[in-house]
Asker: 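The following block contains the structure, expressed as structure tokens.
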Amino acid sequence: MRLYSTLSRRLEELPAPPGPIRMYFCGPTVYQRAHIGNARPFLLGMWLRSWMGDRGYDVTLVHNITDVDDKILAAPGPSAAVAAQATEWYLEDIGDFKLGLPDALPKATEAVPQIVSFIERLVEGDHAYAVEGDVYFRVARDPEYGCLSGQRPDQVEEQEPNPLKEDARDFALWKSNKPGEDLAWDSPWGRGRPGWHIECSVMAEEAFGPVFELHGGGLDLVFPHHENELAQSRAVGHEFARIWTHNGMLEFGGEKMSKSLGNDVSIRNVLDTWGREVALLYFMTAHWRKPIDFTDETLAQAQAQVRSFRAAFAAHLNVESPSLPWEVFESALDDDFNTPEALAVLHRWRSDGQMEMVRRGLRVFGLHTLAQFDKPPPRLVKLAEQRQAARDERDYPRADELRAEIEEGDWEVQDIADSPGYRLIPK
RNA sequence: GGCGCCUUGGCCGAGUGGUUAGGCAGCGGCCUGCAAAGCCGUUUACAGCAGUUCGAGUCUGCUAGGCGCCUCCA
């Protein structure tokens with residue numbers, strides 16, 4: 001199996017099973033409802049874990065939560081409560097995809113002692129310096145700085161000059177407590193809080209030690225966040241992540257969806273409006289590295305595909321001797337996790353009536369639920385039986401009335417050709 | 001100014017030099033009491049220009065347009 005890595009800028013072959021494959025994916029900063037773009041790295045991580053598990057790998061997925069940050073401090077109310085509430089929402093939201101949870105969901109605030117000692121190591125190694133209660137990373141000491149993002153340090157723009165820094169490119173590892181900030185810890189440099197990048201270096205080390213196979217996150221984190229993480233970890237002698245995956249952004253009206261632009265739609269909203277199956281299939285339609293448009297039309301297309309799979313399962317087709325072998329599906333996913341191509345294979349099996357193959361493939365993505373049907377409510381079964389009776393008596397106006405009533409209950413009644421039977425399918 | 005990415009038919013999207021991707025929507029037909037589902041058929045693809053090659057959507061160069069990052073961001 002291979003995946004494209006930002007670090008090498010090419011496809012990287014994974015070690016042979018069973019690995020291990022240790023994956024660290026950057027999660028959200030928790031200060032409000034997470035938007036649907038935040039779901040993408042989560043889903044990619046979960047799907048990779050699922051697929052690699054099937055392929056015989058020993059996989060561990062760590063997905064961090066940033067619960068100390070400027071935005072949390074700026075939000076109205078006690079910061080700890082803001083973060084706790086938003087964390088709860090996030091866990092609810094990702095839980096509702098019903099894919100299970102990552103193996104660990106560490107929080108920055110629960111790693112502060114380790115963060116402090118990590119920074120001490122950097123200071124001792126002369127990779128960092130303390131100034132008036134802040135600690136900064138010394139970028140000039142790292143000749144490799146920029147290797148992940150391709151940024152040339154001398155070309156990086158500085159927005160607001162900070163006189164405390166030796167060099168404009170240096171970034172904060174520890175920030176001194178400012179008046180009004182209600183999240184702070186004691187440290188050798190005084191009361192303060194961790195900078196943004198350091199938590200990931202520390203929590204990845206906590207989980208995996210000095211080296212692990214895969215680090216994921218959104219494309220917008222390549223620089224500066226991941227560049228800085230890598231620099232910090234290498235400064236203490238770690239190899240850190242070998243493969244870096246960066247998923248494409250969700251776009252909304254031609255622009256990136258983000259909280260700062262105010263064009264974001266929450267995960268909760270999407271789940272409530274379209275349901276988990278449509279949301280999951282929607283993300284399958286685009287390759288993970290590419291941008292994906294978030295529009296009613298693209299979601300509606302995903303919904304149409306969901307319905308086509310469900311209808312095929314309802315028809316109970318299962319033809320033996322597959323037209324395409326399982327290996328075709330496998331190689332699509334093994335090759336840079338190409339979900340659109342895998343989806344095309346599933347459609348091919350669907351149209352050939354090989355629903356067991358479809359079910360097996362959908363299971364990787366948590367979509368095998370399309371093959372499971374709840375029992376229709378007894379009230380609707382009764383209506384369907386009445387409709388059947390009306391049809392038998394050729395009372396078609398009555399039959400159509402009953403069908404409309406069934407559809408109001410979000411089930412659809414379909415007659416079966418060549419038999420007097422019908423079937424009920426959830427809409 | 002720097003770094004990186006993208007441009008395929010009405011829409012979404014595969015395509016790792018040489019036979020149909022696939023889905024959605026549309027149209028015509030079969031089936032149906034009517035539908036739905038299904039099935040069959042069908043509809044100006046590869047931004048433009050030049051090059052490499054026996055052969056390019058696929059490689060190279062240029063042009064045009066778009067996007068991301070360099071500041072919080074998945």
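Throughout, a chain's letter reflects where its sequence line sits, starting with A, and its residues are numbered from 1.
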Asker: Which value, in whole Å, describes the distance between the C1' atoms of nucleotides B:U20 and B:U42?
Answerer: 15 Å
Asker: Quick one: label A:Glu297 by what it contacts on the DNA or RNA (base, sugar-phosphate, nothing), any heavy atom closer than 4.0 Å.
Answerer: sugar-phosphate
Asker: Expressed as a whole number of Å, how far does the P atom of B:G61 sit from that of B:U52?
Answerer: 15 Å
Asker: Could you give the CZ-to-C1' distance, from A:Arg193 to B:C72, as a whole number of Å?
Answerer: 12 Å
Asker: Taking only Lys NZ, Arg NE, NH1 and NH2, and the carboxylate oxygens of Asp or Glu, determine whether A:Arg2 and A:Glu12 approach each other closer than 4.0 Å.
Answerer: no
Asker: Among the nucleotides B:C34, B:A21, B:C69, which one has an atom lying closest to any side-chain atom of A:Gln151?
Answerer: B:C69
Asker: Between B:G33, B:C72, B:A74, spot the one nearest the side chain of A:Leu250, thanks.
Answerer: B:A74
Asker: Students often get this wrong, so: under 4.0 angstrom with heavy atoms, is A:Arg387 touching a base, only sugar-phosphate, or nothing?
Answerer: base
Asker: Sequence neighbours left out, cut at 3.5 Å: what donor-acceptor pairs do the side chains of residues 378-386 of chain A make with other protein atoms?
Answerer:
none

Asker: Could you state the CD-P distance from A:Glu251 to B:A74, rounded to the nearest angstrom?
Answerer: 16 Å
Asker: Report each atom pair, protein N/O against N/O of nucleotides 12-15 of chain B, whose distance is under 3.5 angstrom.
Answerer:
from	atom 1	to	atom 2	distance (Å)
B:A14	OP1	A:His287	N	3.4
B:A14	O3'	A:Asn338	ND2	3.1
B:A14	O2'	A:Glu341	OE1	3.4
B:G15	OP1	A:Asn338	ND2	3.0

Asker: Whether the side chain of A:Arg403 and the base of B:A35 hold a donor-acceptor pair under 3.5 Å is what I'd like checked.
Answerer: yes
Asker: Under 3.5 Å, is there any donor-acceptor pair linking the side chain of A:Asp415 to the base of B:A37?
Answerer: no
Asker: Which ones in residues 24-50 of chain A lie close to RNA chain B, meaning a heavy atom under 4.0 Å from one of its atoms?
Answerer: A:Gly27, A:Pro28, A:Thr29, A:His35, A:Gly37, A:Asn38, A:Pro41
Asker: Pick the P atom in B:G22 and in B:A14, then give their distance to the nearest Å.
Answerer: 15 Å
Asker: Give me the atom names and distance for the closest heavy-atom approach of A:Ser201 to A:Ser233.
Answerer: OG-OG, 3.0 Å
Asker: Side chains of A:Thr60 and A:Arg49: donor-acceptor distance under 3.5 Å anywhere?
Answerer: no
Asker: What's A:Ile425 touching, base or sugar-phosphate or nothing? Going by heavy atoms closer than 4.0 Å.
Answerer: nothing
Asker: For the pair made of CG in A:Leu7 and P in B:G4, what is the distance, rounded to whole Å?
Answerer: 14 Å
Asker: Base, sugar-phosphate alone, or nothing: which one does A:Val345 contact when heavy atoms must sit under 4.0 Å apart?
Answerer: nothing
Asker: Would you please classify the geometry between the A:Tyr90 ring and the A:Phe42 ring as parallel, tilted or perpendicular, with 30° and 60° separating the classes?
Answerer: perpendicular
Asker: Test side-chain contact (heavy atoms from CB on, under 4.5 Å) on A:Asn64 and A:Cys200; report intermediate values, then the result.
Answerer: CA-CA 8 Å; A:Asn64 76 287; A:Cys200 291; 4.1 Å; yes
Asker: Among all residues two or more places apart in sequence or in another chain, which pass the salt bridge (charged side-chain N to carboxylate O under 4.0 Å, His left out) test with A:Glu144?
Answerer: A:Arg234
Asker: Residues two or more places apart in sequence or in another chain: which of them pass side-chain hydrogen bond (donor to acceptor under 3.5 Å, both in side chains) with A:Thr285?
Answerer: none
Asker: Please name all residues satisfying ring pair (Phe, Tyr, Trp, His ring centres under 6.0 Å) with A:Trp89, sequence neighbours left out, ordered by chain then number.
Answerer: none
Asker: Report, one line per pair, each donor and acceptor closer than 3.5 Å where one atom sits in a side chain of residues 300-315 of chain A; sequence neighbours left out.
Answerer:
from	atom 1	to	atom 2	distance (Å)
A:Gln305	OE1	A:His347	NE2	2.7
A:Ser308	OG	A:Gln305	O	2.8
A:Arg310	NH2	A:Glu277	OE1	2.5

Asker: How far, in whole Å, is B:A21 from B:U8 if one measures between their C1' atoms?
Answerer: 12 Å
Asker: Please measure how far the C1' atom in B:U32 lies from the corresponding atom in B:A36, and state the result in whole Å.
Answerer: 9 Å
Asker: Report yes or no: do A:Trp51 and A:Asp334 form a side-chain donor-acceptor pair below 3.5 Å?
Answerer: yes
Asker: Output the residues of residues 82-96 of chain A in contact with RNA chain B, where contact means a heavy atom of the residue under 4.0 Å from an atom of the strand; sort by number or write none.
Answerer: none
Asker: Please find the pair of heavy atoms, one from A:Met1 and one from A:Leu333, that lie closest to each other, and give the distance.
Answerer: CE-O, 3.7 Å
Asker: When the ring planes of A:Phe337 and A:Trp47 are compared, do they come out parallel, tilted or perpendicular, using 30° and 60° as the limits?
Answerer: tilted
Asker: Polar atoms only, N or O, under 3.5 Å: list the protein pairs with nucleotides 38-41 of chain B and their distances.
Answerer:
none

Asker: So what's the dot-bracket for RNA chain B: Watson-Crick or G-U pairs under 3.5 Å, [ ] if a pair crosses, | if it pairs off-strand?
Answerer: (((((((..(((.....[...))).(((((.......)))))....(((((..]....))))))))))))....
Asker: So A:Tyr145 and A:Phe223, would you call those rings parallel, tilted or perpendicular, with 30° and 60° as cut-offs?
Answerer: perpendicular
Asker: Separation of A:Trp349 atom CH2 from B:G22 atom C1', in whole Å?
Answerer: 14 Å
Asker: At 4.0 Å (heavy atoms only), tell me whether A:Arg2 reaches a base, stays on the sugar-phosphate, or touches nothing.
Answerer: base
Asker: For atom C1', what is the distance between B:C59 and B:G65, given to the nearest Å?
Answerer: 23 Å
Asker: Regarding A:Arg387 and A:Asp400, does a basic nitrogen lie under 4.0 Å from an acidic carboxylate oxygen?
Answerer: no
Asker: Looking at the base of B:C6, is there any donor atom on it, or on the side chain of A:Arg289, that sits under 3.5 Å from an acceptor on the other one?
Answerer: no
Asker: Describe, in one word, how the ring planes of A:Phe365 and A:Phe329 are oriented to each other, choosing from parallel (under 30°), tilted (30 to 60°) and perpendicular (over 60°).
Answerer: perpendicular
Asker: Check every strand shown and say whether A:Asn247 touches a base, only sugar-phosphate, or nothing at a heavy-atom separation below 4.0 Å.
Answerer: base
Asker: Provide the distance between the two C1' atoms, one in B:A25 and one in B:G13, to the nearest whole Å.
Answerer: 14 Å
Asker: Under the 3.5 Å rule, do the base of B:C70 and the side chain of A:Asp220 count as making a donor-acceptor pair?
Answerer: no
Asker: Can you list everything that forms a side-chain hydrogen bond (donor to acceptor under 3.5 Å, both in side chains) with A:Asp67? Sequence neighbours excluded, please.
Answerer: A:Thr109
Asker: Closest-nucleotide mapping onto RNA chain B: is A:Met257 or A:Val413 further toward the 5' terminus? I mean the 5' end.
Answerer: A:Val413
Asker: Measuring only the P atom in each nucleotide, how far is B:U63 from B:G2? A whole number of Å is fine.
Answerer: 14 Å
Asker: What salt bridge (Lys or Arg N to Asp or Glu O under 4.0 Å) pairs are there with at least one residue in residues 73-89 of chain A, not counting sequence neighbours?
Answerer: none
